[in-house]
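Below you'll find the structure, written out as structure tokens, and then a few comments.
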There are 2 protein chains.
Amino acid sequence: MPTPPKPLLQRQTVTAMVAEYIAAKIIGGDYPGGHQIRQEAIAAELGVSRIPVREALLQLEAEGLVVIRTHRGAVVSDLSADDAIDLFDARLLLEPFLVKKAIARLSNQDIANVERALRDYEAAIVRGDPKELSRLNWAFHTALLEPSMRPRSMAVLQTLYSSADRYLRLQIEPLKAQTKALQEHRDIFEAYRLRDAVETSRLLKKHVADAAEEIVSQLKRGEAAG
Amino acid sequence: MPTPPKPLLQRQTVTAMVAEYIAAKIIGGDYPGGHQIRQEAIAAELGVSRIPVREALLQLEAEGLVVIRTHRGAVVSDLSADDAIDLFDARLLLEPFLVKKAIARLSNQDIANVERALRDYEAAIVRGDPKELSRLNWAFHTALLEPSMRPRSMAVLQTLYSSADRYLRLQIEPLKAQTKALQEHRDIFEAYRLRDAVETSRLLKKHVADAAEEIVSQLKRGEAAG
DNA sequence: TGTCGCAGGATCGTATCCAATATTTCATTC
DNA sequence: GAATGAAATATTGGATACGATCCTGCGACA
């Protein structure tokens, strides 16, 4: 899932392209929470009809990025502090569980994949590419969990993550947070490589919990202010 | 979520109706796993155009009931034993966690709601209404968890459940299984009513685990045979 | 002054029609 | 007879067009 395995000859559907376009706008912050998405505006902007726009919005709703109300269109979903707690608590249950399952059936190839994901993440920090950072951060997490062979749980995690993704961005910006996250990733990888399920699970849990705490407190500050 | 709160004057959209129609067919077993769903066939059957059918299928894909492949249409998703393990393991993590959160903020009204859900479930068994049994079983579970105020996690659970729902039906049929499940529901409610979070969580976990084991072994038999 | 009712425009939902892709059929060749 | 390739058919993806619903603002009435 880091990247869909080699779209050797990629022939995307218009709906998929529109979905990516809107998702990028939301994650990038161009469409803030609460923003009304007008089907026709997007359609005109991209030179397509409203049908693929509608279908894209349906997919984004399933991912939790927008909320659709009948005859009233789509609104970029907003995240309350309570929502963030909700989402991260679920991640805190699933990720440590899955990483244990992953380690139980770990191949050397899997370890190599995680190592590569870790290096990509490092590289993005070094060259200061915040756009990619969020994506590569998640790619590292999925690489860790992928060997668990739990596609359903992974799909669930994907939606949990993408719902909170754009708020993570705020947290990822400061350099200090970045180096902390990087060190944690390295520690996790080290335990993972040694197939120490208990330690890996513990470190991963803490890693996610720290991120959660950071985001939640930030959102609470925002709610108190606004 | 047992029933969307009072569609006082229900004006459903065609897409929603089609989605319900197809979902019922799938859950009821009319469309078995692997069955190809032809948009035009459904459209003609219901006297609507293909657009709402397509959008309904998109929603059903998000719920895990079908898989859509580009230019190849929708196929009713099939559940392997591994998939079932995957889905139920996730439920086993989330439900006990949520029920604890629910008990922590339980009102008398909430308890009354669960009691009503339990009675409805009992009544369906008494009058031998297998169609409703699955729905009311899940209504009981959601009533238990609703007070946790975790809409995101609840949405996740909803998809986890609906993906395995129709296979549960096989297990629910025998009267012996029904009375066992009913007794377990009663025990869970008793601990819940007393606000005993640990015991409720323990019982609920066992309840779900038993159902999981039953389904998985059944699926494995089917895979060995077929 | 505030509430209600009623245009008018904006936006969404659905039907109909056309284009792109996949699948099947059938002839052709080795 | 099996494999390859090309037309025919079936099915989905997308565009245009129309009808339904919602929202806003203005005026009437209490």
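Below, chains carry the letters A, B, ... as their sequence lines are ordered, and counting in each starts from 1.
Atom CG of L57(B) is separated from atom P of dT11(D) by 15 Å (rounded to the nearest Å). Q36(B) places its CD atom 9 Å from the P atom of dT23(C), with the value rounded to the nearest Å. One can place CG of L58(B) at 16 Å from C1' of dT14(C), the figure rounded to the nearest angstrom. What separates CZ of R69(B) from C1' of dG13(D) is a distance of 16 Å, to the nearest Å. Computed from coordinates, the I42(A) CD1 to dT11(C) P distance equals 13 Å when rounded to whole Å. In this structure, E55(B) atom CD and dT12(D) atom C1' are separated by 15 Å, rounded to whole Å.
E61(A) contributes a side-chain N or O that, together with a main-chain N or O of I68(A), makes up a donor-acceptor pair within less than 3.5 Å. Here the side chain of S153(B) pairs no donor or acceptor atom with the backbone of R150(B) at under 3.5 angstrom. A donor-acceptor pair under 3.5 Å is formed between the side chain of Y167(B) and the backbone N or O of L79(B).
When the side-chain nitrogen and oxygen atoms of R72(A) are compared with OP1 and OP2 of dC22(D), none of them lie within a distance under 4.0 Å. Between Q39(B) and the phosphate of dA10(D), there is no side-chain N or O to OP1/OP2 separation shorter than 4.0 Å. In terms of phosphate contacts, T13(A) brings a side-chain nitrogen or oxygen within less than 4.0 Å of OP1 or OP2 of dG14(D). The phosphate of dC12(C) has neither OP1 nor OP2 within less than 4.0 Å of any side-chain N or O from T70(A).
You'll find that the side chain of E40(B) is closest to dT12(D), out of dA15(D), dT14(C), dT12(D). Set against dT12(D), dC22(D), dT14(C), the side chain of H71(A) has dC22(D) as its closest nucleotide.
In this structure, R54(A) reaches the bases: a heavy-atom distance under 4.0 Å links it to at least one base atom across the strands shown. Within 4.0 Å of I37(A), counting heavy atoms only, lie sugar-phosphate atoms of the nucleic acid but no base atom.
For R50(A) against dG13(C), a side-chain-to-base donor-acceptor contact under 3.5 Å is present.
For the residue pair H185(A) / N137(A), a side-chain donor-acceptor distance below 3.5 Å is found, with atom types taken as modelled.
For I51(B) and R38(B), each mapped to the nucleotide of DNA chain D holding its nearest heavy atom, the one lying further toward the 5' end belongs to R38(B).
A 6.0 Å sphere centred on CD of E40(B) holds no more than 12 heavy atoms belonging to other residues, nucleotides or ligands.
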